[in-house]
**Q** 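Here you go, one structure.
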Amino acid sequence: MLTNTLGRYFAGRFVVAALGVFASIFLLLVLVDYIEMVRKTSGLASASAIMVAETSLFRVPQLLEKLTPFCMLIGAMTCYLALSRRLELVVARAAGVSAWQFISPALGSALLIGVIATVAYNPMSANLRELSKRMEAELFGSAPGGGIQDASGFWLNQVTNDGQTIINAARSEQQGVRLTGLTLFRFDTEQHFKERVEAREAELEVGQWIFRNVRRFSLDGPPIEQAVLAIPTTLTEAQVRNSFSTPETVSFWQLPSYIRSSESSGFATAGYRLQYHKLLAQPFLLAAMVMLAASVSLRFFRMGGVQKMVLSGVGAGFLLYVLSKVTEDLSKAELMHPIAAAWLPVVVGGLTGFLALLYQEDG
């Protein structure tokens, strides 16, 4: 009974600390992103403060999803350092509770948080990201060239009986079905330049692209403005998704269908498979972060050296992040299997924390 009550207490303290870190980073990201959006929209008369704030609010959840393991790491370190400072860990040890027993509630809580983050938070963040893209298109749609464009944007090449068309879009919505800020380069069947087309937005329909607010530039005459321009295409939604969608913008529940459609279309699926296995491994990665945090946070304050232990924990988390990025790049280049790339950081982080705790506690 004492162990159950104590376990619930430790689990509650860990969840409160982790959620506190999560909320703090969320507010910080919202503030920074809002300031950046205000700077970008300062010259747009149609941009209201409320719409800019909503756009920033919808963009942040996907950014914060990448920082969830660090939220767990910092939250667990904060929790155990606070317990150690108030000598609650000393009392627990004196009552016969081992370090493994008061770490297990946090591990269970981290696994549960990871499952919720995978099956609920990830789809929500993907949907909010799509809403933010739509709101960005409304904000920047009246700007010249369709708004603020990324360094390279999104590129797509299509070949039909009329010739070749190279499409560049500043932003993509609905995984490429709707595009904004477009520039097209059209060539005839003999690869001779035909015209350049600028459009505010485009939407993929069956057998054609529908471009709106179009301006056409050719070598033979002045620019021509059109309200609507239809260009035939043989591309399907599945093919467009592989060019304009990124694995991070696809929710966990949609990834299996994306993988199947990409395989049937003959496209590379490494990015989607990697994202799927990363989401499957996320609960265990959060548990590994708790193990790492516990290995550097259970030292008593009176023994000194707490600052060095905390810095070592932060350094271990950073190295684990570097390892995950290296394996991710190797997997996207098809030099490493997606399963190995997704689970290797989990195994390395978990074993490092486990061995460090085993050495500290059981010598």
Side-chain angles (χ1 to χ4, degrees), residues 4 6-30 33 56-80 82 102-132 246-259 272-294 297 317 320-321 324 328 338-339 341-347 349-350 353-354:
N4 292 337
L6 198 60
R8 288 193 297 269
Y9 173 74
F10 285 143
R13 291 295 302 274
F14 165 74
V15 171
V16 169
L19 293 181
V21 174
F22 191 88
S24 301
I25 297 179
F26 177 80
L27 293 175
L28 179 62
L29 289 177
V30 168
D33 192 80
S56 296
L57 189 64
F58 293 162
R59 282 159 50 96
V60 167
Q62 193 171 72
L63 298 175
L64 188 58
E65 185 178 8
K66 301 178 182 180
L67 299 178
T68 302
F70 292 97
C71 293
M72 292 295 107
L73 177 67
I74 298 174
M77 291 173 61
T78 303
C79 171
Y80 287 122
F102 53 71
I103 289 174
S104 57
L107 291 176
S109 301
L111 288 172
L112 180 60
I113 292 174
V115 171
I116 295 174
T118 296
V119 303
Y121 184 83
N122 174 263
M124 181 196 70
S125 65
N127 292 333
L128 290 178
R129 181 57 179 152
E130 287 296 329
L131 287 176
S132 70
T246 57
E248 291 77 12
T249 60
V250 182
S251 69
F252 172 74
W253 301 108
Q254 294 176 331
L255 279 171
S257 62
Y258 270 66
I259 294 172
Y272 294 109
R273 289 184 179 276
L274 174 63
Q275 178 68 7
Y276 184 66
H277 286 289
K278 283 176 63 178
L279 291 174
L280 289 178
Q282 186 169 227
F284 302 96
L285 178 61
L286 300 187
M289 286 295 185
V290 172
M291 193 78 73
L292 273 177
S297 304
L320 195 62
Y321 171 77
S324 65
E328 179 179 342
I339 296 179
W343 288 91
L344 183 61
V346 178
V347 174
F354 175 77

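What you see below is based on every heavy atom in this structure, not just the backbone, and it leaves out hydrogens, waters and symmetry mates. Start at 1 with the first residue, then count along the sequence.
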**Q** If you round to the nearest 0.5 Å, how far is CZ of F10 from OG of S109?
**A** 12.0 Å
**Q** Restricting to non-hydrogen atoms, name the atom on G114 and the atom on Q282 that form the minimum distance, rounded to 0.1 Å.
**A** O-NE2, 4.0 Å
**Q** Quick check: closest heavy atoms across G353 and L292, and the distance to 0.1 Å?
**A** N-CD2, 3.9 Å
**Q** Verify the ring-centre separation between Y321 and F70: is it less than 6.0 angstrom?
**A** yes
**Q** Taking N127 for the side chain and P123 for the main chain, is one N or O donor matched with an acceptor at less than 3.5 Å?
**A** yes
**Q** Indicate yes or no: at least one non-hydrogen side-chain atom of I74 is less than 4.5 angstrom from one of T78.
**A** yes
**Q** Looking only at atom types and distance, does a side-chain atom of Y121 sit under 3.5 Å from a main-chain N or O of V115, one as donor and one as acceptor?
**A** no
**Q** Please report the shortest heavy-atom distance between G7 and P105, naming the atom on each side.
**A** O-CB, 3.3 Å
**Q** Look only at the side chain of W343 and the backbone of A281, and say whether a donor-acceptor pair between them is shorter than 3.5 Å.
**A** no
**Q** Quick one: closest heavy-atom pair of L73 and M289, and the distance?
**A** CD1-O, 3.6 Å
**Q** Between L279 and L255, is the side-chain contact (heavy atoms from CB on, under 4.5 Å) condition met? List the steps.
**A** CA-CA 10 Å; L279 291 174; L255 279 171; 3.8 Å; yes
**Q** Calculate, to the nearest 0.5 Å, the distance between atoms CD and CE belonging to E65 and M124 respectively.
**A** 8.5 Å
**Q** How long is the gap from CG on L320 to CG on L344, to the nearest 0.5 Å?
**A** 9.0 Å
**Q** Identify the two heavy atoms, one from G350 and one from A288, that lie closest to each other, and give their separation to 0.1 Å.
**A** N-CB, 3.5 Å
**Q** If you round to the nearest 0.5 Å, how far is CD of Q62 from CG of L29?
**A** 12.5 Å
**Q** Could you measure the distance from the CD1 atom of I103 to the CZ atom of F14? Nearest 0.5 Å is fine.
**A** 11.5 Å
**Q** Okay, side chain of N122, backbone of F252: is any donor-acceptor separation there less than 3.5 Å?
**A** yes
**Q** Measure the shortest side-chain to side-chain distance between L57 and L128 over non-hydrogen atoms and say whether it is less than 4.5 angstrom.
**A** no
**Q** With a 3.5 Å cut-off and no angle check, do the side chains of S132 and R129 form a donor-acceptor pair?
**A** yes
**Q** Nearest 0.5 Å please: distance from the CG atom of L63 over to the CD1 atom of I25.
**A** 12.0 Å
**Q** State, yes or no, whether a side-chain contact exists between V250 and Q275 at a heavy-atom distance under 4.5 Å.
**A** no
**Q** Counting only N and O atoms by type, is there a donor-acceptor contact under 3.5 Å from the side chain of T118 to the main-chain atoms of L280?
**A** no
**Q** Please give me the minimum heavy-atom distance between L285 and P69, naming the atom from each residue.
**A** CD2-CG, 3.8 Å
**Q** Contact between L19 and V15 at the side-chain level, heavy atoms closer than 4.5 Å - yes or no?
**A** yes
